[in-house]
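A short write-up of the structure that comes next.
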There are 2 protein chains.
Amino acid sequence: MKILIIEDESGIANFLKQGLEEESYEVQLSEDGAQGLEIAIENHFDLILLDWMLPRLSGLDVCIEFRKQNKQTPIIFITAKDTVSDTISGLKSGANDYIKKPFNFEELLERIRVQLRPLSGEHDVFTLRDISLNVSTHQVFRGNQEIQLTQKEFALLEYLLRHKGEVCRRSRIIESVWEIHFEYSTSVIDVFMNSLRKKLNLSKSEDYIQTIRGIGYIAKEP
Amino acid sequence: MKILIIEDESGIANFLKQGLEEESYEVQLSEDGAQGLEIAIENHFDLILLDWMLPRLSGLDVCIEFRKQNKQTPIIFITAKDTVSDTISGLKSGANDYIKKPFNFEELLERIRVQLRPLSGEHDVFTLRDISLNVSTHQVFRGNQEIQLTQKEFALLEYLLRHKGEVCRRSRIIESVWEIHFEYSTSVIDVFMNSLRKKLNLSKSEDYIQTIRGIGYIAKEP
DNA sequence: TCATAGTTTCAAAATCCTTTTAGCTTGCAG
DNA sequence: CTGCAAGCTAAAAGGATTTTGAAACTATGA
């Protein structure tokens, strides 16, 4: 696994390099924002550790520019205590996590592992207003209330959220969720739609999931 | 919390002592390496602040000798700017962190807190309501009742508590606890879950550990 | 070597998820 | 407005997974 560290304080940079190399990561260093961005774009890394305060180009700008290139590499910000609140808003600019100085090395390792994990499995979260569905942990929340769903309920909701805003035909749902690939008449969908709406507490007036008579269903933002 | 400061410049030493005492740490001073080492070995401290340049025995040697005694107390080096790179290699000799002179007192406090955090039970002890599991002593308690667990039972509970609040898939549990890294069909997990629940006396209504049908298990706070 | 504790397999029983069934409600066309 | 088809809902039937106890197997130390 290759990690790029963009950090101007050589003390911290070398400490990180050494520590990460001991964990058998391949590490490359860069000391300023502009150069770091260039290296990041022209090479492949599995993860980038990015200091917030950098000469020539700030960490935030590096992150924004990098994402503009449509690069998905996870980015973890390294930030001083007093700029934490800025950083949190910075997460919206496309970073994946942040850690504040001074940090515990074990904690950093843990965060790196968390970011690299998705490479070996998917880590997808789908949302619909206040409903969120996490494929990898198999959890569903409405607000901060966790909702217990069974497998089929979960699969059905996942299908609808993956196609949020699109009309989902019954035939397609049956194919994807139930893996029935031939003409077949059943009302399982209705039954599971019903229990989904019950568990998620969706009244018909709030049309999170609308019925389209004769066709199927659609999950919709307002 | 008791802190030992080994520092020969009395100006800095007293400044630190005063500042830390205001933060309600108990502080003891020592002015040279050899004496400091002796004090450190013969008494219990929660943390040691160690100057790099010391008369009679250098900070590095103090650190090495101290660790030879098999002591785990966290050590933070205080180092002059131009010896930082030496210090980093010093971290390998068993120190936990370093801070360079001149330093910001707030930052030092933060680093001390980072080092002391593990002592307050986050590192080795995992809990779930009234259940606690201590990795280093290999003990498990429910309330103040100690529960005797076998290796596999312990490993399974440890895995669940380390991932408290997350859904733990059977496949992941098998990987981590049984180290089986390929597709494998067995019901060992179920059997051990069963004996765990029995030994810990977990009735099904109190859902400390919930079953997630078709997926795995989850350990949950209320 | 045997005895013991720990681990794993197996299969019956219990649980609860899925599907079918059937009566009821709703929306739409005539 | 009426009737029918589509969708909703509750409950029973059917099916799959998990729980559980017991037996078989394995490792360890006396």
Side-chain angles (χ1 to χ4, degrees), chain A residues 138 140 147-160 167-219, chain B residues 138-140 147-160 167-220:
Chain A
H138 204 268
V140 172
I147 312 286
Q148 297 292 0
L149 296 186
T150 67
Q151 300 237 62
K152 277 281 174 328
E153 289 162 353
F154 188 93
L156 176 57
L157 182 61
E158 180 183 345
Y159 184 89
L160 291 168
V167 173
C168 302
R169 301 181 168 276
R170 286 163 165 278
S171 57
R172 291 289 164 70
I173 297 175
I174 279 283
E175 268 191 43
S176 285
V177 178
W178 276 267
E179 314 235 359
I180 292 171
H181 300 281
F182 45 88
E183 193 71 17
Y184 187 54
S185 156
T186 173
S187 68
V188 260
I189 297 180
D190 310 57
V191 174
F192 276 88
M193 254 338 291
N194 183 35
S195 57
L196 251 189
R197 298 213 252 229
K198 250 199 227 158
K199 285 192 175 176
L200 290 169
N201 219 343
L202 303 180
S203 75
K204 275 182 206 160
S205 52
E206 333 160 85
D207 48 3
Y208 282 62
I209 299 174
Q210 270 180 278
T211 304
I212 299 179
R213 209 184 157 79
I215 312 284
Y217 299 89
I218 182 171
Chain B
H138 206 270
Q139 281 178 310
V140 171
I147 311 285
Q148 222 56 34
L149 296 186
T150 68
Q151 301 244 43
K152 278 282 184 300
E153 288 162 353
F154 188 92
L156 176 58
L157 183 61
E158 180 183 345
Y159 185 89
L160 290 168
V167 172
C168 302
R169 294 171 182 280
R170 297 175 113 72
S171 58
R172 290 287 165 71
I173 297 175
I174 278 282
E175 258 197 322
S176 289
V177 178
W178 277 266
E179 312 241 358
I180 292 170
H181 301 281
F182 46 88
E183 193 74 16
Y184 187 55
S185 156
T186 173
S187 67
V188 259
I189 297 180
D190 311 55
V191 175
F192 276 87
M193 255 336 292
N194 184 32
S195 56
L196 251 188
R197 297 213 252 229
K198 255 198 220 154
K199 285 193 175 176
L200 290 169
N201 217 347
L202 303 181
S203 76
K204 274 182 204 159
S205 50
E206 338 160 80
D207 48 2
Y208 282 62
I209 299 174
Q210 270 178 274
T211 305
I212 298 180
R213 210 156 231 273
I215 308 286
Y217 298 88
I218 181 172
K220 263 190 166 170

Practice prompt. Tell whether B/R213 reaches the base of D/dT18 with its side chain through a donor-acceptor pair below 3.5 angstrom.
Written response: no

Worksheet item: D/dT19 phosphate, OP1 or OP2: any side-chain N/O from B/R197 under 4.0 angstrom?
Response: yes

Worksheet entry | Rounded distance (Å) that lies between atom P of C/dT7 and atom CD1 of B/I173 | 16 Å

Practice prompt. Look at B/T186 and C/dT9 and indicate whether a side-chain polar atom (N or O) is within less than 4.0 Å of OP1 or OP2.
Written response: yes

Worksheet item: What integer distance in Å separates B/E153:CD from C/dG6:P?
Response: 8 Å

Worksheet, complete the sentence: The nucleotide from D/dT20, C/dT7, C/dT20 with an atom nearest the side chain of B/Q151 is C/dT7

Worksheet entry | Nearest listed nucleotide, side chain of B/K152, among C/dT19, C/dT7, D/dT9 | C/dT7

Worksheet, complete the sentence: Atom NZ of A/K199 and atom C1' of D/dC8 are separated, to the nearest Å, by 17 Å

Discussion item. Can you measure B/M193 atom CE to C/dT7 atom P for me and round it to whole angstrom units?
Written reply: 15 Å

Item to complete: Flag the pair A/C168 / A/I218 as yes when at least one side-chain heavy-atom distance between them is below 4.5 Å, and no otherwise.
Response: no

Worksheet item: Under 4.0 Å between a side-chain N/O of B/Y217 and OP1 or OP2 of D/dT19, yes or no?
Response: yes

Discussion item. Between A/T211 and D/dA6, is there a contact of a side-chain N or O with OP1 or OP2 at under 4.0 Å?
Written reply: no

Item to complete: Between C/dT7, D/dA10, C/dT19, spot the one nearest the side chain of B/T150, thanks.
Response: C/dT7

Worksheet item: Shortest non-hydrogen contact from A/M193 to A/I209?
Response: CE-CG2, 3.6 Å

Discussion item. Quick check: closest heavy atoms across A/S195 and A/E153, and the distance to 0.1 Å?
Written reply: OG-OE2, 3.3 Å

Worksheet item: How close or far is atom C1' of C/dT7 from atom CG of B/D190, stated in whole angstroms?
Response: 14 Å

Discussion item. Using whole Å, what does the distance between atom P of nucleotide C/dT8 and atom CG of B/L196 come to?
Written reply: 14 Å

Practice prompt. To the nearest Å, give me how far apart CZ (B/F192) and P (C/dC10) are.
Written response: 15 Å

Worksheet item: So does B/K198 get a side-chain nitrogen or oxygen closer than 4.0 Å to the phosphate oxygens (OP1/OP2) of D/dT19?
Response: no

Practice prompt. Could you give me the CA-CA distance, side-chain angles and deciding distance for B/W178 and B/Y159, then say whether ring pair (Phe, Tyr, Trp, His ring centres under 6.0 Å) is met?
Written response: CA-CA 11 Å; B/W178 277 266; B/Y159 185 89; 9.8 Å; no

Worksheet item: Where the side chain of B/W178 is defined as all heavy atoms beyond and including C-beta, which of D/dA10, C/dT8, D/dT19 is the nearest nucleotide?
Response: C/dT8

Worksheet item: Taking only residues two or more places apart in sequence, or in another chain, which ones meet B/R169 in a side-chain contact (heavy atoms from CB on, under 4.5 Å)?
Response: A/H138, B/S171, B/R172, B/I215

Worksheet item: Atom CG of A/L149 to atom P of C/dT18: distance rounded to whole Å?
Response: 10 Å

Discussion item. Of the options C/dT19, D/dT9, C/dC10, whose atoms approach the side-chain atoms of A/N194 most closely?
Written reply: D/dT9

